[in-house]
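Everything quoted here is computed from the prediction, not taken from an experiment. Per chain, numbering begins at 1; letters A, B, ... match sequence-line order.
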2 protein chains.
Amino acid sequence: MDTPSPTPRPAPRSDLDSAPGSTFNNLDPQKQRRVLDESLREFAENGYHQASINRIVGRLDIAKGSLFQYFGSKEGLFRHLFRRAVDEIKAPLRAIRDADSAEAFPQRLKRVFTASAAFAQAHPFLWGIYRRMLTQEDFPLRATLLSEVRAEALTFFRELVELGQKQGSVRADLNPAIAAFVIEATLDRALTAQGSPLLDAGLGLSSDPNTRQARLDALAEALCQGFSVRSVPSIAKGDVNA
Amino acid sequence: MDTPSPTPRPAPRSDLDSAPGSTFNNLDPQKQRRVLDESLREFAENGYHQASINRIVGRLDIAKGSLFQYFGSKEGLFRHLFRRAVDEIKAPLRAIRDADSAEAFPQRLKRVFTASAAFAQAHPFLWGIYRRMLTQEDFPLRATLLSEVRAEALTFFRELVELGQKQGSVRADLNPAIAAFVIEATLDRALTAQGSPLLDAGLGLSSDPNTRQARLDALAEALCQGFSVRSVPSIAKGDVNA
DNA sequence: CATAGAAATGACCACCCGGTCATTTCTCCG
DNA sequence: CGGAGAAATGACCGGGTGGTCATTTCTATG
């Protein structure tokens, strides 16, 4: 009556919501995927600010107005991608956590390293966005992502260490939180190195898959030895190739 | 004759050179400092691409043309800052390396952790630029900086480990390169965490200086214990406050 | 076929960017 | 004071940005 509301606003919803306008949901799912994939690539390759809407629509060969009709704004597009990505990440993480929970600490740690490296390689875009977010102060949703993902990861490692302590394969006097911090830092660095020879530090993490696998195992092994109740001299300095 | 060369180009020099036009060197040293400090701040706070020449000259209250007369371009300004920063970093690093070379491995490692944390806090701008460069692919001079600084750091840690092995305080079966990788990763994460509660992981690295010092020591201690020939149970889980 | 509503379009906007350069102002010396 | 050279200036440029919206095209239904 009073306010005829000429603009059919797609309902405000929550501020943290990432729901696109209904238009996008009605699209051919194949087109939806193409749009999301190409956008994700742009953000992962260039970071948030350097990412260009013009490039995205150019590559997709659609009109710029369409993208804004779908997501409202650049940040809206990013929020949508971000939400989907986090949900997509959680499932494999849980699968890793719940699998082989009876195995010994060193085996589980190696498995986690391997699985994480595989994930980072299979989803270079998600990994690229996460890496950038760690150091870029003004990424939208930075606080949300970091607290969600990192809390999950660190809790996971802490529980892993505590379980190892109960099993007797990890020194009891080790502070689980500190150990988790070291593990997470090492793994993160290793994953970062695997995509960039400059950060490789001569470890061979960015070379061929076979070598990388062996080096990842060696890294996990070194951590395990440090945490184990007694040294395991069977695995010596040169014994790096599995 | 043929080419009167109307533009008094300031001599090309080397491509990697960072020498500003002579104009800048003739300036009042106090003004030089102000210009460099404000520029460094802009790059550290915003990264290379988001850094704005307009904001810099606005804050300095000088004309935009002046800055371009001094350094030729945005990248020229950055190169100059970068060169100075690297030179400035090297001295304290060497001092740490050469000091107390007779001390035992754990003491030296703790000392390095403490000194690095102090440096990162005393030079937040340099540290901010370095952190960003690690993940930002298209920083100018990224390759140069990373290979210089990281090679230096990793060699330093490797030598530290090897020395510890000779002294007998570090397990002989430990691969020094891998140990150096773990140490560097942990230290880097700790320094990153100290400026950002989001990355702190509940360790207390970003809280007050006293707590931070204790936590840094605990981190170094945990690494040392992992690397040492036998466990040192005297320093137990709760024994964090020095 | 007619037509209503959804979807797609791209010219256009204001803004900011790095960079230029003719001009003015300053400084110092004869 | 006069003048030369160094230094400072800021209007201006082309180009890229995120964002808008009147218009056209498509599609489904009666």
Side-chain angles (χ1 to χ4, degrees), chain A residues 4-11 19-36 38-39 42-43 45-81 138-140, chain B residues 4-11 19-36 38-39 42-43 45-81 138-140:
Chain A
S5 162
T7 49
R9 284 289 160 89
S22 60
T23 303
F24 184 70
N25 292 324
N26 296 344
L27 253 50
D28 173 20
Q30 208 161 347
K31 180 169 181 181
Q32 287 187 29
R33 277 202 74 86
R34 235 172 62 84
V35 169
L36 295 177
E38 214 66 56
S39 306
E42 178 69 15
F43 280 114
E45 285 180 353
N46 303 100
Y48 180 77
H49 294 286
Q50 283 287 107
S52 159
I53 298 287
N54 288 337
R55 273 200 298 266
I56 295 176
V57 298
R59 236 183 276 129
L60 287 168
D61 204 35
I62 64 174
K64 196 200 286 205
S66 296
L67 208 60
F68 281 92
Q69 199 158 37
Y70 299 159
F71 302 103
S73 67
K74 184 183 188 179
E75 184 168 329
L77 168 58
F78 181 80
R79 287 170 108 95
H80 181 67
L81 291 169
D138 51 356
F139 244 98
Chain B
S5 162
T7 50
R9 283 291 160 90
S22 60
T23 302
F24 184 70
N25 292 326
N26 297 344
L27 253 50
D28 172 20
Q30 208 161 348
K31 179 168 181 180
Q32 287 186 28
R33 275 202 74 86
R34 236 172 62 84
V35 170
L36 295 177
E38 215 64 58
S39 305
E42 178 69 14
F43 280 113
E45 286 180 352
N46 303 298
Y48 180 77
H49 294 287
Q50 283 286 109
S52 158
I53 299 287
N54 289 336
R55 273 199 299 265
I56 295 176
V57 298
R59 237 184 275 129
L60 287 169
D61 204 36
I62 65 174
K64 196 200 286 206
S66 296
L67 208 59
F68 281 93
Q69 198 158 37
Y70 300 158
F71 302 103
S73 65
K74 184 183 187 179
E75 185 168 329
L77 168 58
F78 181 78
R79 288 169 107 96
H80 181 68
L81 291 169
D138 50 357
F139 245 98

So, does [X] get its side chain near the phosphate of [N], meaning an N or O under 4.0 Å from OP1 or OP2?
X     : N      : answer
B:K31 : D:dA8  : yes
B:S66 : D:dT9  : yes
A:N26 : C:dA7  : yes
B:Y70 : D:dA8  : yes
A:N54 : D:dT17 : yes
B:T23 : D:dA6  : no

Rounded distance in Å - [atom1] ([X]) to [atom2] ([N]):
X     : N      : atom1 : atom2 : value
B:N46 : C:dC17 : CG    : P     : 10 Å
B:Q50 : D:dT17 : CD    : P     : 13 Å
A:F68 : D:dA22 : CZ    : C1'   : 17 Å
A:I62 : D:dC26 : CD1   : P     : 16 Å
A:E75 : D:dG19 : CD    : C1'   : 14 Å
B:I53 : D:dG10 : CD1   : C1'   : 16 Å
A:L27 : C:dA7  : CG    : P     : 7 Å
B:Q69 : C:dT25 : CD    : P     : 16 Å

For this session: Specify whether B:F24 and B:Y70 have parallel, tilted or perpendicular ring planes, treating 30° as the upper limit for parallel and 60° as the lower limit for perpendicular.
Result: tilted
For this session: Over 60° means perpendicular and under 30° means parallel, so classify the ring planes of B:F43 and B:F78, tilted if in between.
Result: perpendicular
Seminar exercise, completed: Taking D:dT17, D:dG19, C:dC17 as options, the one with an atom nearest any side-chain atom of B:R55 is C:dC17
For this session: Could you please name the option among C:dT20, D:dG19, C:dT9 that lies closest to any side-chain atom of A:K74?
Result: D:dG19
Problem set entry | 5′-ward residue of the pair B:L67/A:G65 relative to DNA chain D | B:L67
For this session: Work out which heavy atom in A:V57 is nearest to a heavy atom in A:A63; give both atom names and the distance.
Result: CG1-O, 4.1 Å
Exercise. Can you tell me how far the CG atom of A:L60 sits from the CD atom of A:E38, to the nearest 0.5 Å?
Worked result: 5.0 Å
Exercise. For A:Y48, is the NZ or CZ atom of A:K74 found under 6.0 angstrom from the centre of its six-membered ring and inside 45 degrees of the ring axis?
Worked result: yes
Exercise. Is B:K64 touching bases, backbone alone, or none of the nucleic acid, heavy atoms closer than 4.0 Å?
Worked result: base
